[in-house]
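Here the structure is laid out as C-alpha cells; the discussion comes afterwards.
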Amino acid sequence: MTAQKTELQELPADLKRELLPKHVAVICDGNGRWAKRQGIPRFLGHQRGVDALKDLLRCCDDWGIGALTAYAFSTENWGRPQEEVDFLMTLFGRVLRQELREMIEENIQIKFVGNLTALPKSLQAEISRSMEETKGNRGIRFTVATNYGGRQEILHACHVIAQQVQQGLLQPDEIDETTFERHLYTAGICDPDLLIRTSGEMRLSNFLLWQTAYAEIYITETLWPDFNRSEFHHALCAYQQRERRFGKVPHISPES
Ligand code: FPP
C-alpha cells in the first residue's frame, strides 16, 4: 500500500493497548461533499477516499488492530448517476491491481463481501485474484463491503439455512446465533467493536446490521478524505472512554 506513512506511526501514549478494538468498521461518507468544497469533480473525492482508506488500513496494522471493514459500495449505490457507478467500479479494479503486490508483502488478508456476482466481470476477476492470493496471509484482515446490504446478507443466510432444513440437514431448533453467523458473508470474522461514520450522518445505512449489535458508534463531522491518523486517534480515545456493558449492569460496589 503506497499511502504516505507520516506522523503517529507508534501507538499514541494516551491509548491503552489492551483496550483497543479488535475490529473497526467504517462507513466512508462524504467524498462527494469533500470534492464540492474543494471545487473539484466528485470522482476526485472518491480517489482521495481511497487514499484515506489505505492510510487507515496501514494505521490499524501499525497500531495492532487486527481487522478493518470498509463500506465501499452499497446495494443502493447503483442508483447514482451511471458515470459515477462506472468510475467507482473502474477505481476499485485499478486499486486492486496496483495494491495487490504490496498487500501480499504486508501480510494483509483481503476479503470482499456482498453480492459480488452483480459486479462487472473484470472487477470480479480482480476481486477473486486478490482474495485467492492473500488468503494465506495472517496479518490484518481487510474486508471491503461491495454491493453489500445488511438486510440482503441476512436474507441470504436465511435462504441457505431454509434449504438445509428442507434437505433434512438441520433441525429448526438447531438454528442458533452460531449457526446463523456461519452463513453470513462475514463468517469467521469477529464482530466490529467500533463503527465509525464520517460526515456527520447518524445512520447505519444497511451496513453490518447483525454484526454491529453491540458495536460502539462514533460519528464525526469530518469528511472521509480528511479522516487521517489524528482523527482515528480521537475516535479511539472516545472508544476507550466508553463503558461496554453488553446489556448488563455496570459493576456496582456493595456500598453504592
Ligand atoms: C461515499 O461518499 C463513498 C463512496 C460511495 C465510495 C467509498 C469508497 C472508498 C472509500 C474506496 C474503496 C476502496 C477499495 C479498496 C475498493 P459519497 O459519494 O456518498 O459522498 P457524499 O455523501 O458527500 O456525496
Side-chain angles (χ1 to χ4, degrees), residues 1-3 24-61 67-104 106 108-116 118-120 122-131 133-134 140-149 195-208 219-228 231-232:
M1 307 286 280
T2 47
V24 174
V26 279
I27 301 180
C28 314
D29 199 8
N31 292 348
R33 274 162 284 169
W34 182 88
K36 196 169 177 199
R37 280 187 199 169
Q38 312 286 318
I40 57 177
R42 279 180 69 82
F43 74 89
L44 289 177
H46 293 312
Q47 214 145 288
R48 283 295 292 266
V50 169
D51 293 339
L53 186 56
K54 287 193 309 194
D55 196 37
L56 181 64
L57 176 62
R58 189 175 276 248
C59 182
C60 287
D61 200 22
L68 174 69
T69 298
Y71 206 2
F73 194 86
S74 74
T75 46
E76 290 74 30
N77 285 154
W78 295 109
R80 292 185 174 218
Q82 192 59 45
E83 318 81 77
E84 183 167 342
V85 170
D86 291 345
F87 177 82
L88 284 167
M89 297 298 144
T90 308
L91 176 69
F92 296 166
R94 192 170 63 230
V95 171
L96 286 180
R97 270 193 308 283
Q98 286 171 350
E99 304 297 334
L100 183 58
R101 191 67 18 225
E102 281 190 65
M103 287 198 286
I104 294 170
E106 294 185 23
I108 294 164
Q109 188 185 150
I110 191 167
K111 183 179 163 94
F112 279 75
V113 293
N115 177 5
L116 306 179
L119 299 172
S122 57
L123 178 56
Q124 287 186 47
E126 296 292 351
I127 287 175
S128 302
R129 192 158 74 101
S130 66
M131 293 205 294
E133 293 197 21
T134 63
I140 187 167
R141 300 186 76 164
F142 179 40
T143 305
V144 186
T146 309
N147 192 23
Y148 173 88
L195 170 68
I196 298 172
R197 182 166 191 159
T198 54
S199 91
E201 308 287 353
M202 302 208 187
R203 289 186 289 278
L204 283 179
S205 297
N206 208 9
F207 186 46
L208 300 179
I219 293 173
T220 170
E221 292 292 326
T222 302
L223 302 177
W224 177 252
D226 288 330
F227 191 83
N228 56 20
E231 297 281 340
F232 187 43

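Order of listing sets the numbers, starting from 1, for every ligand and every atom in it.
For ligand 1, the atoms sitting less than 4.0 Å from at least one non-hydrogen atom of Val50 are 11 (C), numbered in the order shown with element in parentheses. Interface atoms of ligand 1 facing Cys28, defined by a heavy-atom separation under 4.0 Å, are 1 (C), 2 (O), 3 (C), 10 (C). Residue Gly49 has at least one heavy-atom neighbour below 4.0 Å for each of these atoms of ligand 1: 10 (C). Taking every heavy atom of Gly32 and a limit of under 4.0 angstrom, the matching atoms of ligand 1 come to 17 (P), 18 (O), 20 (O), 21 (P), 23 (O), 24 (O). In summary, the atoms of ligand 1 found under 4.0 Å from a heavy atom of Leu53, numbered by their order in the structure, are 12 (C), 13 (C).
Looking at Arg94, Arg101, Glu99 one by one, the single match for side chain to side chain contact (heavy atoms under 4.5 Å, CB included) with Arg97 turns out to be Arg94. With Tyr148 as the fixed residue, the side chain to side chain contact (heavy atoms under 4.5 Å, CB included) test singles out one of Asn206, Asn115, Leu208: Leu208.
Considering every non-hydrogen atom in both Glu201 and Arg197, the closest pair reads O-CD, 3.3 Å. In terms of heavy-atom proximity, Trp34 sits nearest to Leu44 at CZ3-O, 4.3 Å. For the residue pair Val85 and Asn77, the shortest heavy atom distance occurs at CG2-O, 3.6 Å.
Trp78 and Phe73 have perpendicular rings, their planes meeting at more than 60° on a 0 to 90° scale where under 30° would count as parallel.
Contacts between Asn31 and ligand 1, counted as non-hydrogen atom pairs separated by less than 4.0 Å, involve both the backbone and the side chain. In Arg42, the part holding a heavy atom less than 4.0 Å from any atom of ligand 1 is the side chain. In His46, the part holding a heavy atom less than 4.0 Å from any atom of ligand 1 is the side chain.
Residues forming a ring pair (Phe, Tyr, Trp, His ring centres under 6.0 Å) with Phe87 (at least two apart in sequence, or on another chain): Phe43. For the salt bridge (charged side-chain N to carboxylate O under 4.0 Å, His left out) test, no residue two or more places apart in sequence or in another chain qualifies with Asp226.
Comment: Lys54 does not engage Glu102 in a salt bridge, judged by the lack of any side-chain N to carboxylate O separation of less than 4.0 angstrom.
Checking only distances, Val144 never comes within under 3.5 Å of ligand 1, N or O to N or O. Looking at Trp224 next to ligand 1, no N or O pair under 3.5 Å apart turns up.
Between atom 19 (O) of ligand 1 and the options Arg80, Gln47, Arg33, the minimum heavy-atom separation is to Arg80.
In this structure, atom 9 (C) of ligand 1 is not in close contact with the protein, since no protein heavy atom lies within 4.0 Å of it.
Distance from atom 15 (C) of ligand 1 to its nearest protein heavy atom, with residue and atom name: Val95 CG1, 4.0 Å.
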